[in-house]
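Structure record follows, encoded as C-alpha cells.
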Amino acid sequence: HGTLQDLRARYGDLIRIVFRDAPLEFHTRALPAALAAHCADVQGRYDAVQDLLFAHQDALEDVDLERYAARADLDVPAWRACLADPGSRAEIDRDLEAMERVGVTGVPRAFVNGVEVSGARPIETFIGIIERELAR
C-alpha cells in the first residue's frame, strides 16, 4: 500500500492505479473490509477508506468500518445501504473471477502494462518497469 502511495506521489497523472478486491478467505474481516472500500468507491472515496483500512488493519470490526466511513466524509446511511446491497458482494465476486481468469492466485499482485509483479516488491522494481513503459 505504501509503495503504491509513493508511486502515485512520484508519477501523478502519468500512471493509473486500478484496484481489484481480493478478500482472502482465511481472513474473517477481509470481505467486510473489501465491501467497505467498494461502497466508499461508489461515493468516490475509495482511497480515503483504503488508507484507513491499511492504517488500522487490527481494527476491522463493523463498528470500526463505520467509523472509517464517517472519517472519510461518506454519506454513512448510503454507505450502509450499499453494504446491504447484494450487488456490492457480486461486484467483489466479479473481481475474484476476473483475477482467476488471468491466473492470479495470491496477493499482493500488480500489473504494469501487462508486466506482472508478484508479491511485495521494493519500489525500485516498480520504478524500473514504469520508466521502461513510459519510455516506450
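Sequential numbering from 1 along the given sequence is applied to the chain's residues. As the structure is a prediction and not an experimental result, all values here were calculated from the model.
With salt bridges taken as basic N to acidic carboxylate O contacts below 4.0 Å, none links R94 and E97. A salt bridge links D62 with R29; the closest basic N to acidic carboxylate O contact falls under 4.0 Å. Residues R89 and D93 are paired through a salt bridge, judged by an N-O separation under 4.0 Å between the basic side chain and the carboxylate.
Residues passing the salt bridge (Lys or Arg N to Asp or Glu O under 4.0 Å) test with R80 are E66, sequence neighbours excluded.
Within a 6.0 Å radius of CD in E131, more than 12 heavy atoms belonging to other residues, nucleotides or ligands are found. More than 12 non-hydrogen atoms from other residues, nucleotides or ligands lie less than 6.0 angstrom from CD of E116.
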Requested in this report: Please assess H38 against C82 for the test side-chain contact (heavy atoms from CB on, under 4.5 Å), listing each intermediate value before the final yes or no.
Outcome: CA-CA 9 Å; H38 166 77; C82 177; 4.1 Å; yes
Report task. List the steps, then state whether side-chain hydrogen bond (donor to acceptor under 3.5 Å, both in side chains) holds for D51 with Q5. Result -> CA-CA 9 Å; D51 288 347; Q5 287 179 315; 2.9 Å; yes
Query raised in the report: Between V49 and L74, is a side-chain contact (heavy atoms from CB on, under 4.5 Å) present by the stated rule, with each step listed?
Result: CA-CA 9 Å; V49 169; L74 297 180; 4.0 Å; yes
Report task. Apply side-chain contact (heavy atoms from CB on, under 4.5 Å) to L96 and D21, showing your working. Result -> CA-CA 7 Å; L96 289 167; D21 292 305; over 6 Å; no
**Report entry** Verdict with reasoning, E25 to L31, per side-chain contact (heavy atoms from CB on, under 4.5 Å)
**Finding:** CA-CA 8 Å; E25 289 182 19; L31 180 57; over 6 Å; no
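The nearest pair of heavy atoms linking R109 to G103 is NH1-O, 4.1 Å. L53 approaches A37 most closely through the heavy-atom pair CD1-CB, 4.1 Å.
The closest donor-acceptor contact from the side chain of D41 to the backbone of G44 lies at 3.5 Å or more, if one exists at all. A donor-acceptor pair is defined here as one N or O able to donate and one able to accept, closer than 3.5 Å; no such pair exists between the side chain of R16 and the backbone of D13. In this structure, the side chain of D64 engages the main chain of E61 through a donor-acceptor pair within 3.5 Å. A donor-acceptor pair under 3.5 Å is formed between the side chain of Q43 and the backbone N or O of D75. Judged by distance alone, with hydrogens and angles left aside, the side-chain atoms of R45 form a donor-acceptor pair with the main-chain N or O of A72 at under 3.5 Å.
Linking ILVMFWY residues whenever their side-chain heavy atoms come closer than 4.5 Å, directly or via other members, leaves L65 and V42 in distinct clusters. Residues F26 and V107 share a hydrophobic cluster, clusters being chains of Ile/Leu/Val/Met/Phe/Trp/Tyr side chains in contact below 4.5 Å.
Taking Ile, Leu, Val, Met, Phe, Trp and Tyr as hydrophobic and joining them when side-chain heavy atoms fall under 4.5 Å apart, one finds I17 in a cluster with L4, L7, Y11, L14, I15, F19, Y46, V112, V115, V117, I123, F126, I127, I129, I130, L134.
The ring pair (Phe, Tyr, Trp, His ring centres under 6.0 Å) contacts involving residues 68-112 comprise H56-Y68, where partners must be two or more places apart or lie in separate chains.
Side-chain atoms of L60 and P32, non-hydrogen and from C-beta on, never get closer than 4.5 Å to each other.
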